[in-house]
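Worth saying up front: this structure is predicted, and the values here are computed from it rather than measured.
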Amino acid sequence: MVRPGVFALVNGLHKAGLLTPEEAAFRAHHNAWFDRHLVLPTDADPTVYDRRVNPGAVAWFRASATACLARVPGYLAVLDAHGVPWERVEALSAGRVVYEDELQVVAVPVP
């Protein structure tokens, strides 16, 4: 079972035109911050999220990525405001790592 991350969920609300102007501004501001501070894993390896090559690949923030993690509650507030359920998941091992840098890991869950 693939669970979309908080960014995908909020971006989906945006694409559906469901965000308030304030929520849309929050999303734009913080997505731009992430764009400036994170490497897009597919820039390093275009197959990272290819479902045939890495089925179910999921991105995780490292516990040490405190500046990234500090922005997540705002996204969760948007989801809460729209009644979108979410679940916090932490893991010591995210699975088979297919990309990593100092802030994030993309891994394929191991059954």
Side-chain angles (χ1 to χ4, degrees):
M1 170 188 206
V2 175
R3 296 180 183 149
V6 329
F7 303 117
L9 292 170
V10 171
N11 289 338
L13 291 171
H14 173 73
K15 287 177 185 171
L18 299 173
L19 297 183
T20 66
E22 294 80 14
E23 292 167 341
F26 168 87
R27 177 197 159 277
H29 174 78
H30 290 280
N31 280 11
W33 184 91
F34 282 109
D35 288 346
R36 287 190 311 274
H37 291 88
L38 289 178
V39 171
L40 189 60
T42 52
D43 286 348
D45 178 356
T47 68
V48 166
Y49 294 113
D50 183 315
R51 291 182 181 173
R52 292 174 312 231
V53 178
N54 296 311
V58 178
W60 300 74
F61 285 125
R62 293 184 182 276
S64 59
T66 55
C68 296
L69 292 167
R71 295 174 185 283
V72 172
Y75 286 86
L76 300 178
V78 171
L79 297 177
D80 288 343
H82 291 271
V84 176
W86 55 269
E87 177 183 3
R88 180 181 174 136
V89 178
E90 294 183 27
L92 294 176
S93 173
R96 179 176 56 85
V97 174
V98 295
Y99 172 82
E100 65 182 316
D101 61 36
E102 66 278 354
L103 298 174
Q104 60 189 330
V105 173
V106 178
V108 175
V110 177

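Put simply, OG1 on Thr42 and OH on Tyr49 are 7.5 Å apart, with the number rounded to the nearest 0.5 Å. Rounded to the nearest 0.5 Å, atoms CZ (Arg27) and CG (Leu19) are 7.0 Å apart. To the nearest 0.5 Å, atom CG of residue Leu40 and atom OH of residue Tyr99 are 8.5 Å apart.
Partner of Arg62 under the salt bridge (Lys or Arg N to Asp or Glu O under 4.0 Å) criterion, out of Glu100, Glu102, Glu90: Glu100 alone. When each of Leu103, Val106, Val97, Val89 is tested with Trp60 by the rule side chain to side chain contact (heavy atoms under 4.5 Å, CB included), just one qualifies, namely Val89.
The closest donor-acceptor contact from the side chain of Asn54 to the backbone of Val48 lies under 3.5 Å. Listed for the Glu23 side chain is no donor-acceptor partner under 3.5 Å among the backbone atoms of Ala77.
With hydrophobic clusters built from ILVMFWY side chains whose heavy atoms lie under 4.5 angstrom apart, Phe7 does not share a cluster with Val39. Residues Leu13 and Leu9 share a single hydrophobic cluster, defined by chaining ILVMFWY side chains whose heavy atoms lie under 4.5 Å apart.
The aromatic rings of Phe26 and His30 sit tilted, their planes meeting at an angle between 30° and 60°. A parallel orientation is assigned to the rings of Phe61 and Phe34, their planes being inclined by less than 30° (bins at 30° and 60°).
Residues Trp86 and Leu76 form a side-chain contact, since some pair of their non-hydrogen atoms from C-beta on lies under 4.5 Å apart. Side-chain atoms of Thr20 and Val78, non-hydrogen and from C-beta on, never get closer than 4.5 Å to each other.
When all heavy atoms of Ala24 and His14 are compared, the closest pair comes out as CB-ND1, 4.5 Å. When every heavy atom of Pro55 is checked against every heavy atom of Pro109, the shortest pair comes out as O-CD, 4.3 Å.
In summary, the side chains of Asn31 and Tyr75 do present a donor paired with an acceptor at a separation below 3.5 Å, with no hydrogens or angles considered.
Other residues, nucleotides and ligands contribute at most 12 non-hydrogen atoms within 6.0 Å of the CZ atom of Arg88.
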